[in-house]
Amino acid sequence: MKNVIITGGNSGLGFETAKKIAANKDYKIILACRNAEKGESAKQKIIAETGNENVESVSLDVSSLDSVRAFAGEFAGRGEKIYALVNNAGISSMGNSGVTKDGFDLVIETNYLGHFLLTQLLLPYIEDGGRIYSVSSDMHNPPRGELVWTGAENILRTGGESRQNYSFSKLFLIYMTHVLSQKLKESGKNITANAFNPGFMGDTNFMKAGKISGAFVKHAMADRYGDLDKSSSALAQLVTGEEFAEISGEYFDRSVNTAKSSPLSYNDGNAKELWETSLKCVNLEEPSI
């Protein structure tokens, strides 16, 4: 039985991906959800629709470092291995602002820093041949307002200007993927790390996008529009397909095909600064991967 942990697996991309993976009963799905009631409901729906009873919901709020540590500690006590970790949970900048109790931008801690800590804490339990997928977005390269690097710690705490905190959070997941993939390769670990862009999906409640806005994006920004069924099918295939076992450090764009991310996302200096700053912010030393 292969354990697959999906954060934010109670709705949208996370739920549909979990359901598609659960259709294969060789996999056990662990839905890591902030809302216990919604997590339990999602669990029951997946079991009913797939017949796979190896589905569970566990409490996790990635906007809280204490919650991340509690989740990782609970899993460590099981004595089990992880086949795949899907860092999917996230919030948009719309209606979400402020600073968490940990002192970081709410959107950035939820989308990135909580997942950074989760990944570090769970690395010792990821099995040989395991996979890590972080759900980024094409908004890591916003169509308007070029991202300006003002230092990793400053951005982690303030989110940058205006609504750029969401874009930075998704850029940071790509940076994390690049550094993590390289460190895993250097250590000889047979674990892959990749980023996935599902595109803007008007048929989810993530952006609370109505039919008009979804239709507008599909028409005016076709290169950024994503279909929920297609994107979740692609992510499920990337997680489970044998043909992707040795691909690491890549960015997949709404499909099982790799693509180039933004020029800024390949800035090694920024990526290394972010990695080191993130370790300091979550009170970890450089892990012995």
Side-chain angles (χ1 to χ4, degrees), residues 1-10 14 17-18 21-22 24-34 39 43 46 52-89 109 111-135 173 176-196 235-236 238-242 244-249 275 278-279 281-289:
M1 187 68 62
K2 295 182 176 181
N3 287 321
V4 177
I5 297 175
I6 303 179
T7 66
N10 59 276
T17 302
I21 295 174
N24 183 331
K25 295 181 182 179
D26 289 336
Y27 295 92
K28 175 181 178 179
I29 306 297
I30 300 171
L31 305 173
C33 307
R34 181 178 59 180
K43 165 190 165 180
I46 292 173
N52 185 345
E53 296 187 356
N54 291 300
V55 182
E56 67 173 303
S57 176
V58 182
S59 178
L60 171 63
D61 180 356
V62 283
S63 71
S64 164
L65 300 183
D66 284 344
S67 178
V68 172
R69 289 190 173 94
F71 176 91
E74 188 277 335
F75 188 87
R78 298 183 181 198
E80 299 178 12
K81 288 291 188 179
I82 301 165
Y83 166 70
L85 170 63
V86 182
N87 293 319
N88 164 76
E109 181 167 348
N111 295 357
Y112 163 71
L113 193 61
H115 284 116
F116 175 86
L117 177 60
L118 180 68
T119 302
Q120 302 300 332
L121 295 179
L122 292 182
L123 267 176
Y125 309 103
I126 297 180
E127 66 184 56
D128 183 69
R131 306 178 190 190
I132 300 167
Y133 275 91
S134 296
V135 177
L173 287 168
M176 180 182 81
T177 294
H178 288 166
V179 177
L180 178 59
S181 175
Q182 186 60 38
K183 287 182 176 294
L184 288 166
K185 288 177 182 177
E186 291 172 353
S187 70
K189 292 280 188 179
N190 183 27
I191 298 172
T192 62
N194 292 287
F196 178 78
L235 183 53
L238 289 169
V239 169
T240 62
E242 292 184 8
F244 306 106
E246 297 182 4
I247 298 176
S248 190
W275 181 272
S278 298
L279 286 172
C281 286
V282 300
N283 296 313
L284 285 181
E285 296 182 358
E286 180 70 41
S288 55
I289 296 176

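Counting from 1, the numbers follow the sequence of the chain as shown.
- Remark: the backbone N or O of C33 is not paired with any side-chain donor or acceptor of N10 at under 3.5 angstrom.
- Between G8 and N88, the shortest heavy-atom distance links the atoms O-ND2, 3.1 Å.
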Exercise for review: Apply the test side-chain contact (heavy atoms from CB on, under 4.5 Å) to residues N194 and F244: give CA-CA distance (whole Å), side-chain angles for both, the deciding distance (0.1 Å), then the verdict.
Suggested key: CA-CA 10 Å; N194 292 287; F244 306 106; over 6 Å; no
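- Not counting sequence neighbours, the partners of S64 by the side-chain contact (heavy atoms from CB on, under 4.5 Å) test are D61, D66, S67, K101.
- Under the 4.5 Å side-chain criterion, counting only non-hydrogen atoms from C-beta, K43 is not in contact with I30.
- Here the closest non-hydrogen pair linking A22 and N52 is O-ND2, 3.0 Å.
- Between L184 and A193, the shortest heavy-atom distance links the atoms CD1-CB, 4.4 Å.
- At a threshold of 4.5 Å between non-hydrogen side-chain atoms, the residues V282 and V68 do not count as touching.
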Practice item. Determine, stepwise, if the pair E80 / Y125 fulfils side-chain contact (heavy atoms from CB on, under 4.5 Å). Key: CA-CA 7 Å; E80 299 178 12; Y125 309 103; over 6 Å; no
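- In this structure, CG in N54 is found 12.0 Å from CD1 in I46, a value given to the nearest 0.5 Å.
- When the ring pair (Phe, Tyr, Trp, His ring centres under 6.0 Å) test is applied to Y83, the partners found at least two apart in sequence or on another chain are Y27.
- Checked against side-chain hydrogen bond (donor to acceptor under 3.5 Å, both in side chains), E56 has the following partners two or more places apart in sequence or in another chain: K28, R78.
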Practice item. Let me see the working for Y133 and V239 under side-chain contact (heavy atoms from CB on, under 4.5 Å), right down to the final yes or no. Key: CA-CA 8 Å; Y133 275 91; V239 169; 4.1 Å; yes
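- The shortest distance between side-chain heavy atoms of I132 and I126 falls below 4.5 Å.
- In this structure, K185 and I191 have side chains that are not in contact, with every pair of non-hydrogen atoms separated by 4.5 Å or more.
- Listed for the R131 side chain is no donor-acceptor partner under 3.5 Å among the backbone atoms of S248.
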Exercise answer: donor-acceptor pairs, residues 113-122 side-chain atoms, under 3.5 Å, sequence neighbours excluded:
| residue | atom | partner | partner atom | Å |
| --- | --- | --- | --- | --- |
| H115 | ND1 | N111 | O | 3.0 |
| H115 | NE2 | T7 | OG1 | 2.8 |
| T119 | OG1 | N87 | ND2 | 3.1 |
| T119 | OG1 | H115 | O | 2.8 |

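- For the residue pair S181 and G249, the shortest heavy atom distance occurs at OG-N, 3.2 Å.
- Distance check, rounded to the nearest 0.5 Å: CG of N24 to NZ of K2 gives 8.5 Å.
- Contact annotation: the side chain of R34 never approaches that of L60 to less than 4.5 Å [non-hydrogen atoms, C-beta and beyond].
- Annotation: salt bridge (charged side-chain N to carboxylate O under 4.0 Å, His left out) contacts of K183 (sequence neighbours excluded): E286.
- Taking both residues in full, the closest heavy atoms of A236 and T17 are given as N-CG2, 3.9 Å, listed atom of the first, atom of the second, then distance.
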**Study point:** Step-by-step side-chain contact (heavy atoms from CB on, under 4.5 Å) determination, N283 to R69
**Key:** CA-CA 11 Å; N283 296 313; R69 289 190 173 94; 4.2 Å; yes
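- Of all the heavy atoms in S59 and F71, the pair that sits closest is O-CD1, 3.6 Å.
- Residues L235 and V135 are in side-chain contact: their nearest non-hydrogen atoms beyond the backbone lie under 4.5 Å apart.
- Listed by chain and number, the residues in a side-chain hydrogen bond (donor to acceptor under 3.5 Å, both in side chains) with E242 amount to none (sequence neighbours excluded).
- At most 12 non-hydrogen atoms from other residues, nucleotides or ligands lie less than 6.0 angstrom from CD of E53.
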